[in-house]
Amino acid sequence: MIKPLRNYCLLKKEKVEEKKVGSIVISTTKKDDANVANIVAVGEEVKNPSLKVGAKVVYKEYSTTSYKENDEEYYLIKDEDILAVIE
């Protein structure tokens with residue numbers, strides 16, 4: 001597992017359910033959920049106590065760096081680019 005440094009957080013999007021109707025694949029994710037993910041790990045310099053492992057957050061579009069490990073995709077993002085925590 002990758003461990004973020006400094007003020008970075010590691011995010012993982014929730015699995016997207018796909019339904020197949022004939023030969024058409026339908027995604028059940030709304031466009032509104034495109035910038036929502038769960039925090040998997042936080043760097044040692046993240047000072048905001050709301051940014052903790054397991055928190056569901058909204059982040060700025062195009063502010064992440066993607067990382068793939070074992071067919072799982074993760075995103076590194078600076079804590080300042082996380083806009084809100086969903087409670």
Side-chain angles (χ1 to χ4, degrees):
M1 172 63 74
I2 185 172
K3 176 162 178 35
L5 300 175
R6 298 185 308 277
N7 64 332
Y8 280 84
C9 293
L10 184 66
L11 305 179
K12 182 178 177 188
K13 289 189 179 185
E14 294 178 354
K15 294 278 184 185
V16 177
E17 288 186 38
E18 293 181 347
K19 295 181 181 178
K20 194 169 185 179
V21 179
S23 62
I24 299 172
V25 177
I26 301 170
S27 174
T28 58
T29 298
K30 300 180 290 187
K31 174 65 177 151
D32 299 342
D33 292 340
N35 297 337
V36 175
N38 293 315
I39 296 178
V40 177
V42 295
E44 65 276 356
E45 293 179 17
V46 174
K47 304 227 184 314
N48 187 333
S50 297
L51 300 180
K52 57 187 175 191
V53 174
K56 191 172 188 178
V57 297
V58 178
Y59 59 91
K60 285 184 183 178
E61 193 171 8
Y62 307 117
S63 60
T64 62
T65 300
S66 62
Y67 170 77
K68 196 167 187 175
E69 181 179 290
N70 299 331
D71 294 331
E72 296 286 339
E73 190 157 14
Y74 298 94
Y75 301 93
L76 284 163
I77 186 169
K78 285 186 174 183
D79 60 350
E80 62 202 35
D81 291 330
I82 295 177
L83 304 175
V85 176
I86 300 172
E87 297 179 345

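One-based numbering along the sequence shown.
With hydrophobic clusters built from ILVMFWY side chains whose heavy atoms lie under 4.5 angstrom apart, Ile82 does not share a cluster with Leu76. Val53 and Tyr8 fall into different hydrophobic clusters, where Ile, Leu, Val, Met, Phe, Trp and Tyr side chains are chained together by heavy-atom contacts under 4.5 Å.
Side chains of Leu10 and Ile39 form no contact here, defined as non-hydrogen atoms less than 4.5 Å apart. Side chains of Val40 and Met1 form a contact here, defined as non-hydrogen atoms less than 4.5 Å apart.
Nearest heavy-atom pair across Gly54 and Asn38 is O-OD1, 4.4 Å. Of all heavy-atom pairs spanning Ala55 and Ser50, the tightest one is CB-O, 3.8 Å. What you find for Ala34 and Tyr59 is that their closest heavy atoms are O-OH, 3.5 Å. Contact record, Glu69 with Ile2: OE1-N, 4.2 Å, taken as the closest heavy-atom pair.
Legend: residues meeting side-chain contact (heavy atoms from CB on, under 4.5 Å) with Asp81, ordered by chain and number and at least two apart, are Lys60, Ser63, Ile77, Lys78. With sequence neighbours excluded, the residues forming a salt bridge (Lys or Arg N to Asp or Glu O under 4.0 Å) with Lys56 are Glu14, listed by chain and number. A search for side-chain contact (heavy atoms from CB on, under 4.5 Å) contacts involving Val46 returns Cys9, Val42, Leu51, Asp79, not counting sequence neighbours. Glu44 meets the side-chain hydrogen bond (donor to acceptor under 3.5 Å, both in side chains) test with no other residue; sequence neighbours excluded. Listed by chain and residue number, Lys12, Lys15 satisfy the salt bridge (Lys or Arg N to Asp or Glu O under 4.0 Å) test with Glu72 (two or more places apart in sequence, or in another chain). Every residue two or more places apart in sequence or in another chain that forms a side-chain contact (heavy atoms from CB on, under 4.5 Å) with Val58 is listed here: Val36, Ala84, Ile86.
Annotation for Leu5: hydrophobic cluster partners, listed by chain and number, are none (ILVMFWY side-chain heavy atoms under 4.5 Å, direct or chained).
Annotation: the span from Asn35 atom CG to Tyr62 atom OH amounts to 8.5 Å, rounded to 0.5 Å. One distance of note links OH of Tyr75 with OG1 of Thr64; it measures 6.5 Å at 0.5 Å rounding.
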Show the numbers, then the answer: is there a side-chain contact (heavy atoms from CB on, under 4.5 Å) between Lys13 and Tyr74?
CA-CA 7 Å; Lys13 289 189 179 185; Tyr74 298 94; over 6 Å; no
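Under a cut-off of 6.0 angstrom, the local environment of NZ in Lys52 is sparse, with at most 12 non-hydrogen atoms contributed by other residues, nucleotides or ligands.
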